[in-house]
Amino acid sequence: MRPLQPVRGTQDLLPEVARRHRRVVESARAAAELYGFAEMATPIFEFTEVFARPIGEHTDIVAKEMYTFTDRGGDEVTLRPENTAGVVRSVISNGLAQSVPLKFFYRGPMFRYERPQKGRFRQFHQIGVELIGVPQPQADIEVIALGRRILEALGIGQRVELELNTLGDAADRATYREALVTYFSAQAAELSEDSRRRLHRNPLRIFDSKEETDQQVVRYAPTLADYLNTDSRRFFDRVRAGLDRLGIQYQLNPRLVRGLDYYTHTAFEFVTRDLGAQGTVLGGGRYDGLAELMGGPALPGVGWAAGIERLAMLIAPPPPPPSLVALVPIGEAGEAVALSLAEDLRDSGFMIDLGYAGNLVRRLRRANRINAFAAILLGENELARGAVTLRNLGNGMQSEVPLTELPERLRVAAGEEILF
Ligand code: ATP
Ligand code: MG
């Protein structure tokens with residue numbers, strides 16, 4: 001029999017890693033709330049069409065990476081590879097277009113059939129924000145500022161750089177497209193097979209290729225900057241001026257196009273050098289045409305998503321909960337009162353880990369392993385006197401404490417622990 005393993009590209013989040021994820025999510029949620037974003041969630045699977053058209057049939061995601069299946073009722077559904085399309089679908093489904101601006105924060109698992117590597121999984125997790133209904137560049141600026149603030153709150157502000165580009169509007173893209181087709185056609189022999197296929201359908205996608213040969217060709221391709229109309233140029237200037245005013249530094253990257261088709265105007269990524277090839281920790285942009293493309297009203301939007309796994313690898317390990325107390329019954333008298341004493345202490349607000357079995361030494365070893373700051377030993381003789389032994393696991397000192405005084409003594413001990 002095959003040893004029991006999780007599916008390739010998926011992983012268990014054991015407590016040490018889960019704590020890192022939680023730290024990322026909680027920091028992000030708190031920062032998002034500072035900007036007036038509210039948490040929401042969409043289903044992890046949708047009708048396939050929710051993703052296929054908006055993301056674009058020539059993107060890697062739609063062409064190769066989606067987990068798509070027919071369910072038992074005959075519906076074609078897909079595990080979400082990203083969440084912007086789902087959020088916009090939700091805005092349309094719930095008739096929220098009248099209530100703009102909408103400001104949403106989300107987090108949760110995403111699914112892409114990719115080659116697993118460090119920082120790249122088939123089930124991964126994202127945090128993200130969407131600001132919907134605001135055509136002004138203030139929205140782009142605030143969304144980027146929020147991303148920056150989260151990275152700083154996580155202590156990795158110094159390890160990431162912001163890259164910025166504009167993709168212009170639909171008209172700019174049409175003229176630029178012609179220029180690209182001409183350029184890439186002349187270089188077709190040097191392109192990968194995938195990119196040759198993209199050439200006439202969606203040449204911009206070639207920029208997003210990770211193939212080394214394509215990257216060589218892309219290096220000398222014409223850039224969109226030369227094809228921007230006045231409005232697009234002005235929009236981008238205002239985004240840049242806003243970032244400058246907030247002291248947010250960035251690098252212009254004219255080759256930044258992002259993996260999805262629906263972006264317009266602003267595109268940005270926060271990139272680190274510390275994760276090898278998987279350097280993008282947070283990426284996003286403006287998607288003014290998306291809602292209409294999905295059959296809804298015209299609704300501008302801008303947002304980003306960040307990979308929780310990649311952020312979790314960069315942050316310092318968050319400590320386990322500091323205030324656990326181990327409750328250690330010794331013998332039958334101890335066992336008899338342990339469960340109810342544990343509940344009473346939890347009622348008073350203490351985190352109690354109850355020792356279930358094993359001798360005293362083993363239970364104390366466990367108390368140390370779970371990082372408890374104190375142990376309460378329930379021995380027969382003390383209990384007969386209405387007391388327990390309270391042991392400081394930091395220095396091994398212990399004393400007998402009447403049960404009535406236990407909550408107060410624990411509070412003092414917890415305070416000392418925090419003072420250390
Ligand atoms: P990459 O260029 O690394 O493939 P992407 O452009 O496909 O990233 P987006 O679709 O913009 O990524 O998703 C936003 C973020 O989600 C990425 O910057 C990254 O941090 C994370 N992410 C994307 N795909 C994966 C994956 N397969 N595993 C882990 N994290 C991922
Ligand atoms: Mg990708």
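Start at 1 and go down the list; that is how both ligands and their atoms are numbered. The structure displayed is predicted, hence computed values, not measured ones. Values reported hereafter were calculated over all heavy atoms of this structure, with side chains retained and with hydrogens, waters and symmetry mates removed.
A salt bridge links Arg363 with Glu335: the closest approach of a Lys/Arg side-chain nitrogen to an acidic carboxylate oxygen falls below 4.0 angstrom. With respect to Glu193 and Arg196, no salt bridge is recorded, no charged nitrogen being found less than 4.0 Å from a carboxylate O.
Close N/O approach between Ala305 and ligand 1 is not found [any backbone or side-chain N/O within under 3.5 Å]. Checked by distance only, ligand 1 and Glu269 stay at 3.5 Å or farther apart across all their nitrogen or oxygen atoms. Here's the thing with Phe124: none of its N/O atoms is less than 3.5 angstrom from an N/O atom of ligand 1.
Heavy atoms only, all atoms of each residue included: Pro81 and Arg112 are closest at O-NE, 2.8 Å. Closest of all the heavy-atom pairs between Asn165 and Leu256 is ND2-O, 2.9 Å. Taking each heavy atom of Ala316 and Arg20 in turn, the nearest pair found is C-NH1, 4.4 Å.
Of the heavy atoms in Val281, only backbone atoms (N, CA, C, O) come closer than 4.0 Å to ligand 1. The proximity of Lys210 to ligand 1, defined as any non-hydrogen pair under 4.0 Å, is limited to the side chain.
Between Arg112 and ligand 1 there is a heavy-atom distance shorter than 4.0 Å. In this structure, Glu309 has no heavy atom closer than 4.0 Å to ligand 1. Using a 4.0 angstrom heavy-atom cutoff, Gln278 does not count as in contact with ligand 1.
For Glu309, the side chain to side chain donor-acceptor pair (under 3.5 Å) partners two or more places apart in sequence, or in a different chain, are His125.
Of the listed options Phe270, Tyr113, Phe121, Phe121 places a heavy atom closest to atom 28 (N) of ligand 1. When the heavy-atom distances from atom 3 (O) of ligand 1 to Arg120, Glu65, Arg115, Gln126 are ranked, the shortest goes to Arg120.
In this structure, Phe105 has its ring center no closer than 6.0 Å to that of Phe37.
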Contacts under 3.5 angstrom, residues 184-191 side chains, donor-acceptor by atom type, not counting sequence neighbours:
{"residue": "Ser185", "atom": "OG", "partner": "Val181", "partner atom": "O", "Å": "2.5"}

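If you number the atoms of ligand 1 from 1 as listed, the ones under 4.0 Å from a heavy atom of Glu114 come out as 24 (N), 25 (C), 26 (C), 27 (N).
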